[in-house]
Amino acid sequence: MVESQPDTELLQQLRELLGETGLRIQPDDVIPDVVLRPQTTEQVSAILRLCSAAGQAVVPLGGKTGLANGHIQTRGEFGLSLERMSAIEEIDASNRTMTVQAGCILQVAVEAATEQDLLLPLDFGARGSATLGGIAATNAGGNRVIRYGMAREVILGLEVVLADGTVISSLNKMLKNNTGYDIKQWFIGAEGTLGVITRLVLRLRPNPRSENTALLAVDSFDALTGLLRWLDARTAGTLSGFEVMWPEFYEYITREGSLHKPPLPHGSAFYVLVETLGSEPESDAERFETVLGQAMEEGLIADAVLAHSQSERNALWEIRDDVLEFFKLGPIIPFDVSVTLDRMEDFVADIRAGMDAVQDAICIVFGHLGDCNLHLILGAKDHGNFDHDALSTLLYETVQRHEGSVSAEHGIGITKREQLCRSRSEAELQLMMAMKKMLDPKNILNPNKIFAAETLAAG
Ligand code: ZN
C-alpha cells in the first residue's frame, strides 16, 4: 500500500492543470486526501500522463455505491472523480443511442431518455447516485437483466483514457461492428484497473407502453423454475422481472407492524415478483392474466395478486427493494453470487445446513432468479455468535463446490480479491494479469483492486 507524502511538484502541476476548484485536498494530520476533478477528457489524459510519470496511484471515482469496495482510496492514492463530467452530450433518436459523459447519474440519463419517449433499461436501487462511468466499470446488473442484459449489453461504445494518458475513442453507435477485438469490453467490468472511462454511447430501446406486475406464491423449487420457463415461453420476450424471495425475506419485510402489508398470506415456499413490459396496454394485461391463470391450472402457482395501478405496482416492488430493513436484525453480511438453476436448490440447502451451527442464525435469500443471481444475507441475531470470516468461508466454499460465481453483479474490488480463484482458473487469472500489466505497467490505475499488487508482481 502507498503511504507517503504526495509529491509536491506533481501536486503543483496538477493544480496548474485543473485550477483550484479542480483539486480537492482534505488536510489530514499525516497524509492529505487528494481528489482530482477534471472537466474534460483532455484533462483526464494530462492527469494520467503526469501521474504515470510520477508513479502516482489513481483511484477512479463514480457514485461510490459499489458493494465490493472497488472505489476505496487508500491513503496516499489520488481519487479521480468524474463528477464534473456529467453532461448528456446527445440523444440520437434515429439511431436510438445516447452519448453521455462518465459522471452522468443514471437517473438523470433515464429521465432524459424518457423525455424523448425512449428507454434506457438499466435500473437498480442506487439509480439516484450511481454514475454511468461506474456502472460501466463494474458492469452493473439490476432488476431488468433478464430482458435487457447487464451494462455490457447496453453499452455500444466507450471513450477510455489509458494509464499513460492515451485516449482511446471507441464511441461506436452500431449494434453490429465486427472490426477486430471489441476493445470496449476490456474496460467494462474491469473496475477502473485498465483505464478510466470518460464517455459512453448507450443503446436505447422503445419506451414500453404497458407494464404488468404480479406477486405470486409458489410451492416448490421445481415449480419455480417451471414457472420461469412457462412465463418466458408465453410472454413473447417481454418478461422483464422474475424476482424471487425465499419465505424468510417476504415474511420479515411484511411482518406485523412493518410498513408493508403482506399482499399474499405467509406460509408459502417462495414468493415471486414478475413483470412484463409490452407495447399494447389492453391486450398485454389480458395476456398476462391468461398466462398466469394457465400456470395456476398447471400447478406452477399456488396464489397470486395482480397490481392494477401504478401505486399497487410500486407497493409490490417496495417489498422486494426494502433490503436495508434486514440491518435491523443484527450483524449481517450481504453476499452477491451466481449459481446455475440446476444447482441452486442444493446450494441454498448446503448454506442452511452450514448455518445450523450458528446460534440465532440469520439466513435470508432472494435474487434475480432468471439471471442465476442470488443475494444472501447471513448473520446472527446475537453479536456474540457472529463470525464474519466463518460465514464468508462457508458461503464462498459452497459457491465453489457448486461451480458458481463469487460475484454476480457487484465486482471483485478489494472485498472479493481472495475469492477470485474460486471462480476463475489459473489460466484465466494469468491472462487477466497479463492484460493488466500490458495496459498499466506501473500499476497506477486502481491498484490492489481485483489483484493485490504482490500477486501481480509475482504472477
Ligand atoms: Zn441485485
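Remember, predicted model here, so these are calculated numbers, not experimental data. Each ligand, and each atom within it, is numbered from 1 in the order the structure gives.
Separation of the Phe270 and Trp246 ring centroids falls under the 6.0 Å cut-off.
Legend: residues meeting side-chain hydrogen bond (donor to acceptor under 3.5 Å, both in side chains) with Ser81, ordered by chain and number and at least two apart, are Glu83.
Of the possible donor and acceptor atoms, none in the side chain of Asn373 sits under 3.5 Å from a partner among the backbone N and O of Ser338.
Counting heavy atoms from C-beta outward, Glu325 and Phe249 have side chains that stay 4.5 Å or more apart.
Around the Zn ion (ligand 1), protein N, O or S atoms at less than 2.8 Å comprise His368 NE2, His375 NE2, Glu409 OE2.
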Check: Can Leu82 and Thr198 be said to form a side-chain contact (heavy atoms from CB on, under 4.5 Å), step by step?
Finding: CA-CA 8 Å; Leu82 297 223; Thr198 45; 4.3 Å; yes
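With respect to the salt-bridge test (charged N to carboxylate O, under 4.0 angstrom), the residues Arg320 and Glu243 qualify.
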